[in-house]
Undergrad: 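Before anything else, here's the structure in question.
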Amino acid sequence: MSAPATVADARLLKSCCADLWAHPGIRLLAGPALRPGGLDLTASALSRVDLPAGARVLDLGCGPGATLGHLRDRGFRAVGIDLSPGLALEAGAVAEAVVGDGERLPFADGAFGAVVMECVLSAVPDKEAAMGEVARSLGAGGTLILSDVVLEGALPAPLDSFAGWIACAAGARSVTGYLDLLEGAGLRVEGFESHDAELASLLAQVRRRIALVQGALRVGFVDPAAGGLPADLVELGQEMVGRAIDAVSSGTLGYALFVARRG
Ligand SMILES: C[S@@+](CC[C@H](N)C(=O)[O-])C[C@H]1O[C@@H](n2cnc3c(N)ncnc32)[C@H](O)[C@@H]1O
């Protein structure tokens, strides 16, 4: 699926995306870090980067703040930004955090020694603008740690639906696409790792947890009306997860980590 055609599409995508990631059900399915690899992947990426203690680090698309807490505990001055007001507020209990859009960062040129962007860029409609903003906000020699969903080829239905877009699937680029984006923004790519296994493992966890909900609905343990959980939506979610698992197995969908530096 191609990028949204109009500004209205882009706005709708952003607002749906912010609502989706702020939904408590997502945290129930994914865990505190709303993406593959969890904090182990963050820690492993940070260990490859020579960042002095006290460095100012931006977590762009910080969600509820799992990575912010990790950055703070490692002695960095962590700052978060998220499109969702609810998530930014929650993250603010962990470290300094503001509501804002990655396409227009409210920070001075060279404000950060590093930017972390975990599973966010795929959901940003204007990726070139976001990468330009990241490069601008990094000081000379500053580092970007980017991890995201990778899409090699076309997604199977119904993952190519709007819902799939929101789920950061159809908005993803190929590995080459991400490399072009980073280089186009003046960032030199110093490291790349495939983390497809972490995506597969997260999807398997989500499938198990949705199956529990399906079981609870079937035996009447959960009242769909009270829980706001229509059984057909749960079925659709499970079908989408199943297809995503197939897409990972076939190599269409993956997850990758890029480390890049501003010259
Ligand atoms: C998959 S979640 C990842 C959250 C967090 N980075 C983590 O690793 O747990 C994607 C996050 O990006 C945020 N987001 C999406 N588009 C954004 C944008 N244009 N600017 C800032 N944040 C955005 C969402 O609100 C959501 O919190």
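Each ligand, and each atom within it, is numbered from 1 in the order the structure gives. The figures that follow rest on heavy atoms only: side chains count, while hydrogens, waters and symmetry mates do not. Computed from a predicted model, the values in this text were never measured in an experiment. We count residues from 1, following the sequence as given.
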Undergrad: Quick one: does Val150's side chain get under 4.5 Å of Ser194's, heavy atoms only?
TA: no

Undergrad: Please verify whether a non-hydrogen atom of Ala33 lies at under 4.0 Å from ligand 1.
TA: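 Contact check Ala33 vs ligand 1: positive.
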
Undergrad: Of all the atoms in ligand 1, which lie at a distance below 4.0 Å from a heavy atom belonging to Cys62?
TA: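 The atoms of ligand 1 under 4.0 Å from a heavy atom of Cys62 are 5 (C).
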
Undergrad: Would you mind finding which of Arg104, Glu118, Lys127 brings a heavy atom closest to atom 3 (C) of ligand 1?
TA: Glu118

Undergrad: Please check: side-chain N/O of Arg262 versus main-chain N/O of Ala135, any donor-acceptor pairing under 3.5 Å?
TA: yes

Undergrad: Can you find a pair of side-chain heavy atoms, one from Leu51 and one from Thr143, that are under 4.5 Å apart?
TA: no

Undergrad: Under 3.5 Å, N or O to N or O, is Asp82 touching ligand 1 that way?
TA: yes

Undergrad: Using 30° and 60° as the class boundaries, would you call the ring planes of Phe107 and Phe112 parallel, tilted or perpendicular?
TA: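 The rings of Phe107 and Phe112 stand perpendicular, inter-plane angle above 60°.
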
Undergrad: Show which atoms of ligand 1 fall inside a sub-4.0 Å distance from at least one heavy-atom site of Leu87.
TA: 27 (O)

Undergrad: What is the distance from atom CG of Leu212 to atom CG of Leu217, rounded to the nearest 0.5 Å?
TA: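 Rounded to the nearest 0.5 Å, the CG-CG separation comes to 11.0 Å.
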
Undergrad: Identify every side-chain donor-acceptor pair in residues 26-35 under 3.5 Å, counting partners at least two apart or on other chains, and give the distances.
TA:
residue: Arg27; atom: NH1; partner: Glu90; partner atom: OE1; Å: 3.4
residue: Arg27; atom: NH1; partner: Glu90; partner atom: OE2; Å: 2.6
residue: Arg27; atom: NH2; partner: Glu90; partner atom: OE1; Å: 3.0
residue: Arg35; atom: NH1; partner: Gly38; partner atom: O; Å: 2.9
residue: Arg35; atom: NH2; partner: Gly38; partner atom: O; Å: 3.4
residue: Arg35; atom: NH2; partner: Thr42; partner atom: OG1; Å: 2.9
residue: Arg35; atom: NH2; partner: Thr67; partner atom: OG1; Å: 3.2
residue: Arg35; atom: NH2; partner: Glu118; partner atom: OE1; Å: 3.3
residue: Arg35; atom: NH2; partner: Glu118; partner atom: OE2; Å: 3.4

Undergrad: Using atom types as modelled and distance alone, determine if a side-chain donor or acceptor of Asp82 lies under 3.5 Å from a backbone N or O of Ala88.
TA: no

Undergrad: I need the contact type for Asp101 against ligand 1. Using non-hydrogen atoms and a strict under-4.0 Å cut-off, is it side chain, backbone, both or neither?
TA: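 For Asp101, the contact with ligand 1 is made by both the backbone and the side chain.
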
Undergrad: Return the option from Gly61, Gly37, Ala130 holding the heavy atom at the smallest distance from atom 5 (C) of ligand 1.
TA: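 It is Gly61 whose heavy atom sits nearest to atom 5 (C) of ligand 1.
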
Undergrad: With heavy-atom distances below 4.0 Å as the criterion, list the atoms of ligand 1 near Gly102.
TA: 18 (C), 19 (N), 20 (N), 21 (C)

Undergrad: With a 4.5 Å cut-off on side-chain heavy atoms, are Leu253 and Leu151 touching?
TA: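 Yes; the side chains approach each other to less than 4.5 Å.
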
Undergrad: Could you tell me if any non-hydrogen atom of Gly100 lies under 4.0 Å from any atom of ligand 1?
TA: yes

Undergrad: Which hydrophobic side chains are connected to Leu68, either touching it within the sub-4.5 Å cutoff or through other members that do?
TA: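 Its cluster partners, ordered by chain and number, are Val94.
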
Undergrad: Does any N or O of ligand 1 fall below 3.5 Å from an N or O anywhere on Cys119, backbone included?
TA: no

Undergrad: Give the contacting part of Arg35 toward ligand 1: side chain, backbone, both or neither, where contact means a heavy-atom distance below 4.0 Å.
TA: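 Looking at Arg35 and ligand 1, just side chain atoms fall under 4.0 Å.
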
Undergrad: Indicate, as side chain, backbone, both or neither, the part of Val124 found under 4.0 angstrom from ligand 1 when only non-hydrogen atoms are considered.
TA: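 The answer is the side chain.
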
Undergrad: Could you work out, for atom 1 (C) of ligand 1, the closest of Leu34, Asp126, Asp148 by heavy-atom distance?
TA: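 Looking at heavy atoms only, Leu34 sits closest to atom 1 (C) of ligand 1.
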
